[in-house]
Amino acid sequence: MSTTVSHFTKGADTPYWEALAQGALRLPRCRGCQQWHWPAVSRCSACGSEEIDWFSVDLKGRIFSWIRTWQTFQGTEGLDTPFVTLLVELPHAGNRRLMGVLEGAETGLAIGAEVVGRAAFTRCNGEDIPALRWSLVP
């Protein structure tokens, strides 16, 4: 994994992109009330605290939703069609949900199925960006 992060990562979510570029997942959590947040915030919506810390999170979860895409469109030039996009719920991070593309066999593809993830670079709009790839747990 490259440690270089694209020019677009200059906001509240910069730690997310930096960790993903290094093969890890980090998500924000309020220091005051322990509420997990995604998308990233600079102030907790639950208690109003501005003390947001970033924590490593296991790339394990369960499918909340999924969709199969059969045609290419701008930003998907790095993916073969058809491809499956997953919305994965992370139970150990306050059930926050993250999107990524399914890798490998679709056997067992269903809402609630367990998945494990990894960070990988994907070609998007002419640029390599860090992205999540998920695989079904057999």
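Sequential numbering from 1 along the given sequence is applied to the chain's residues.
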**Glu106 and Arg68 ion-paired at < 4.0 Å** = yes

**Under-4.0 Å salt bridge between Arg123 and Glu77** = no

**Item:** Main-chain N/O of Cys44 paired to His37 side chain as donor or acceptor, under 3.5 Å
**Value:** no

**Prompt:** Would you find a donor on one side and an acceptor on the other, under 3.5 Å apart, between the side chain of Arg31 and the backbone of Ile52?
**Reply:** no

**Message:** Is it true that, when you exclude Phe83 itself, more than 12 heavy atoms of the residues, nucleotides or ligands shown sit nearer than 6.0 Å to its CZ?
**Reply:** yes

Do [X] and [Y] have side chains that approach each other closer than 4.5 Å (heavy atoms only, starting at C-beta)?
X      : Y     : result
Thr72  : Leu79 : no
Ile111 : Trp66 : yes
Cys47  : Cys30 : yes

**Request:** For residues 79-91, pull every pair meeting side-chain hydrogen bond (donor to acceptor under 3.5 Å, both in side chains), keeping only residues two or more places apart or in separate chains.
**Result:**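 Only Arg62-Glu89, Glu89-Arg97 qualify under side-chain hydrogen bond (donor to acceptor under 3.5 Å, both in side chains).
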
Please name the pair of heavy atoms, one in [X] and one in [Y], separated by the smallest distance, quoted to 0.1 Å.
X      : Y      : value
Arg43  : Gly48  : NE-O, 2.8 Å
Leu90  : Leu98  : CD1-CD1, 3.7 Å
Leu86  : Trp134 : CD1-CB, 3.5 Å
Ala105 : Leu136 : O-CD1, 3.5 Å
Gly61  : Pro91  : CA-CD, 4.0 Å
Ala93  : Leu27  : CB-CD1, 4.1 Å

Atom [atom1] in [X], atom [atom2] in [Y]: separation rounded to 0.5 Å?
X      : Y      : atom1 : atom2 : value
Trp36  : His92  : CH2   : NE2   : 8.0 Å
Ile63  : Glu114 : CD1   : CD    : 10.0 Å
Ser65  : Met99  : OG    : CE    : 8.5 Å
Arg118 : Leu25  : CZ    : CG    : 14.0 Å

**Message:** Testing the 3.5 Å rule here: is there a donor-acceptor pair between the side chains of Arg29 and Gln35?
**Reply:**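 Result is no, nothing qualifies.
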
**Asked** Out of Ile67, Thr69, Leu102, which residue meets the side-chain contact (heavy atoms from CB on, under 4.5 Å) rule with Val84?
**Response**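 Only match with Val84 under side-chain contact (heavy atoms from CB on, under 4.5 Å): Leu102.
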
**Request:** For a side-chain contact (heavy atoms from CB on, under 4.5 Å) with Leu59, tell me which candidate from Val88, Val115, Val116, Leu132 qualifies.
**Result:**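 That would be Leu132.
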
**Prompt:** Going by the angle between their ring planes, with limits at 30° and 60°, are Tyr16 and Trp38 parallel, tilted or perpendicular?
**Reply:**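 Judged by the thresholds at 30° and 60°, the geometry between Tyr16 and Trp38 is tilted.
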
